[in-house]
Amino acid sequence: MEEARKKVVLSGIQPSGTLTIGNYLGALRNWTKMQDDFLCYYMLADLHTITVRQVPAELRQNCLKTAAVYLAAGLDPEKITLFLQSMVPAHSQLAWVLDCYTMMGELNRMTQFKDKSARHADNINGGLYTYPVLMAADILLYQADCVPVGKDQIQHVELARDIANRFNGVYSETFRVPEALTTQNSASIRSLSDPTKKMSKSESGDGTIFVLDPKDVVLRKIRKAVTDSDGEVRRAEGKHGINNLMNIYSAVTGKTDGEIEREFAGKGYGEFKLAVGEAVADLLGGIQREFERYMADKAFLNQVLIEGAERASYVANKTLAKVYRKVGFYDPRR
Ligand code: TRP
């Protein structure tokens, strides 16, 4: 009997700053759970990052740090392929081809493009617009079966499916049609200062807890988190701040809403916030110690990235060659 093919998983995070606990709880932690059962490609989406202006030295540093955080979070480079998108040229190459199979009308509908254009009104560049096509290339190059993403990226995965189906329809089966995987655990972590918004890496205020925040900073940010005047720790519609803190506490400790509500019955928000802060700081402390260990060994990190790019390139180039052949590019070497 044929051995069951391991399903292929691809995902990525932009190395546009230090990762947040939202990135950890919603993405990285789930990725580590998948590394034994799936063939995983986890990338640092640095090509996507330059759709918003970056300081070159900071981007370089963030790439290295993000790679170290991936490993510190428990990703094992022996089991997965961890790589930097810009080190695998096939991403840019396929993106161009797919640009020609994507309609402007489709791109115009992308809600993230609309949001980002509003936030960066002085730099609405072509890359921001075709960003989802590059993301489709990321996914389709590896013939991914599933793409673990947050809710805000589902629309992009849907577009990747549409592009894949369109291309397959014109030229015969070329790409596997991927599915978005929004795990139950991808607890939606909101900003502490405005819990109606997603917690964002690019926020500068106290709304975001970064994976590398020291304990006192974590405690302070959570103490200052926006809540309501009801004073009772319980989940309810409209209690955005408390719901968010309950999401965080539950994601970190594994406790259910019921357990949390009982634990803090009759106690105030202050006590609850302290418990959330301690739990988060504990979790992050462990990751930070590992992070420091990896950062102290740059040669090892570099080696992981070089090997990752080689492995990724091998797979990606196979798909790219197939695509080039199908669209009719002439290559005397073939
Ligand atoms: N766009 C994703 C984000 O900002 C990052 C990303 C780039 C990605 N390429 C991807 C995620 C491919 C999943 C698959 O969160």
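Both counts, for ligands and for their atoms, begin at 1 and track the order of listing.
Of the charged side-chain nitrogens involved, at least one lies within less than 4.0 Å of a carboxylate oxygen, so that Asp145 and Arg5 count as a salt-bridged pair. Using a cutoff of 4.0 Å between basic side-chain nitrogens and carboxylate oxygens, Arg109 and Glu158 are not scored as salt-bridged. Between Arg234 and Asp230 a salt bridge is recorded (basic side-chain N to carboxylate O distance below 4.0 Å). Ion pairing between a basic and an acidic side chain is recognised when a charged N comes within 4.0 Å of a carboxylate O; Glu278 and Lys215 show such pairing. Salt-bridge annotation for Glu261 and Arg235: absent, with no side-chain N of the basic residue lying under 4.0 Å from a carboxylate O of the acidic one.
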May I have a table of the N/O to N/O pairs between ligand 1 and the protein that fall below 3.5 Å, each row giving the two atom names and the distance to 0.1 Å?
| residue | atom | partner | partner atom | Å |
| --- | --- | --- | --- | --- |
| ligand 1 | 1 (N) | Tyr131 | OH | 2.7 |
| ligand 1 | 1 (N) | Gln153 | OE1 | 3.0 |
| ligand 1 | 4 (O) | Gln14 | NE2 | 3.4 |
| ligand 1 | 4 (O) | Tyr131 | OH | 3.0 |
| ligand 1 | 9 (N) | Asp138 | OD2 | 2.7 |

Could you go step by step and tell me if Lys6 and Phe38 meet the side-chain contact (heavy atoms from CB on, under 4.5 Å) rule? CA-CA 5 Å; Lys6 265 195 184 179; Phe38 297 85; 5.9 Å; no
